[in-house]
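Below: the structure, in structure tokens.
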Protein chains: 2
Amino acid sequence: MESKLQDLKSLLATKNYKLTSQRKLILQILLDHQGEHLSAEDIYQIVKQEDSGIGLATVYRTLELFSDLGIIQQLNFDEDRRRYELGTNNDEHHHHLVCEECGRVIEFNDEILEAFEDDLADKHNFKITQHRIKFYGRCKECQ
Amino acid sequence: MESKLQDLKSLLATKNYKLTSQRKLILQILLDHQGEHLSAEDIYQIVKQEDSGIGLATVYRTLELFSDLGIIQQLNFDEDRRRYELGTNNDEHHHHLVCEECGRVIEFNDEILEAFEDDLADKHNFKITQHRIKFYGRCKECQ
DNA sequence: CTGAGTGCAAAACATTTGCATCCAG
DNA sequence: CTGGATGCAAATGTTTTGCACTCAG
């Protein structure tokens, strides 16, 4: 997916940011691990194997940057740490089933909530830009 | 609302836990601040005014305990800290609109998602025990 | 060249834990 | 009395920051 890299390059250019090797590498790792929900530490461990001279702080700063640019999203599974995933290119929302037993996270899509969302926005005069839904329970294995 | 205190007392008794003055005080503060979403630090500040000899660690331990007992719920607004609120007595779910600009949190109820939830549970063979929904956007004031 | 980006170590926070002391039942 | 509960300080774990050095544009 060479396009993602080009996207990043352009995005960075518009803000006078630079496309460094570290940023390229972290983007690549995110691409290689789509569907997983990596923490900064996870990424740091992977990154170290390929380029030992990279700092954890840079991982954090890069994830922060990518998040600001909108190419990744921060996830929060009520753990002690943040996780990250590549944003969905389109508007296809996807959300999570979180197993309270083993912590497994299952993804699902929805297209049902639009009406509900519109209604809600009206009622509270609130301009909704995104939503995040999590269902908690027991997964197949843990029941 | 004397009943809440009695509830707590009974709950504690069944597990051989004790009803200490600190636990009473923290329950009272939670009752006095319904609808707000207090952090441990918030509670600690309030608690200190009324009983200067109480430790932050006790606040955390008490909130943890209350959470286990199910009388409060932990909230996570993608901040750096946890917040807490008294659980809804009945099954009435309530969720949040989070303003991305000012951080304001607006509550709303829903009874719409049941069907969606059932369907989802079926499809993924996932036993859902609760759900958490957050919508993000701009509130009335910040638009 | 030059300012943005990086690595490293130190700092900053929220939360947890060890331990001696205290007190509810 | 006695084990659960507390206060304090120290420890932990994640994320952030200061600063001198590096490198992409």
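Each chain gets a letter, A, B and so on, in the order the sequences are listed, and its residues count up from 1.
Rounded to an integer number of Å, the gap from CG of B:Asp42 to P of C:dA14 is 11 Å. Rounded to whole Å, atom C1' of C:dG25 lies 13 Å from atom NZ of B:Lys24. If you take CD of A:Gln74 and P of D:dT14, they are 16 Å apart, rounded to a whole angstrom. Counting to the nearest Å, the P atom of D:dC23 and the CD1 atom of A:Ile54 are 13 Å from each other. Distance CG (B:Leu63) to P (C:dT16): 10 Å, rounded to an integer number of Å. Distance CD (A:Glu41) to C1' (D:dT15): 11 Å, rounded to an integer number of Å. Rounded to a whole Å, the CG atom of A:Leu65 is 7 Å from the P atom of C:dG5. Atoms CG (B:Leu56) and P (C:dC13) sit 15 Å apart, rounded to a whole Å.
Summarising the geometry, atom CG belonging to B:Asp78 is positioned 5.0 Å from atom CG belonging to A:Asn76; distances are rounded to the nearest 0.5 Å. To the nearest 0.5 angstrom, A:Leu120 atom CG is 8.5 Å from A:Phe126 atom CZ.
Between B:Tyr60 and B:Leu19, the one whose closest nucleotide on DNA chain C sits nearer the 5' end is B:Tyr60. A residue-by-residue look at B:Ser39 and A:Gly55 shows that A:Gly55 has its nearest nucleotide of DNA chain C further toward the 5' end. Both B:Arg23 and B:Ala57 lie close to DNA chain D; mapped to their nearest nucleotides by heavy-atom distance, the more 5′-ward contact belongs to B:Arg23.
Interface remark: the B:Arg61 side chain does form a donor-acceptor pair with the D:dG7 base, using a distance-only criterion of under 3.5 Å.
In this structure, the ring of A:Tyr84 has its center no less than 6.0 angstrom from the ring center of A:His37. The aromatic ring centres of B:Tyr60 and B:Tyr44 sit 6.0 Å or more apart.
Of the candidate nucleotides C:dT15, D:dG7, C:dG7, D:dG7 has the atom lying nearest to any side-chain atom of B:Thr58. When each of C:dA24, C:dT16, C:dG7 is scored by its nearest atom to the side-chain atoms of B:Thr20, the top-ranked nucleotide is C:dA24.
For the pair A:Gln22 and D:dC23, the criterion of a side-chain N or O lying under 4.0 Å from OP1 or OP2 is not met.
In summary, the side chains of B:Gln45 and B:Gln49 do not present any donor paired with an acceptor at a separation below 3.5 Å, with no hydrogens or angles considered.
Among the atoms of the strands shown, only primed sugar atoms or phosphate atoms (P, OP1, OP2) are found under 4.0 Å from some heavy atom of B:Arg82.
Between A:Arg83 and A:Asp42 there is a salt bridge, since at least one side-chain N of the basic residue sits less than 4.0 Å from a carboxylate O of the acidic one.
Residues from residues 8-18 of chain A placing a heavy atom under 4.0 Å of any atom in DNA chain D, listed by number, are A:Lys18.
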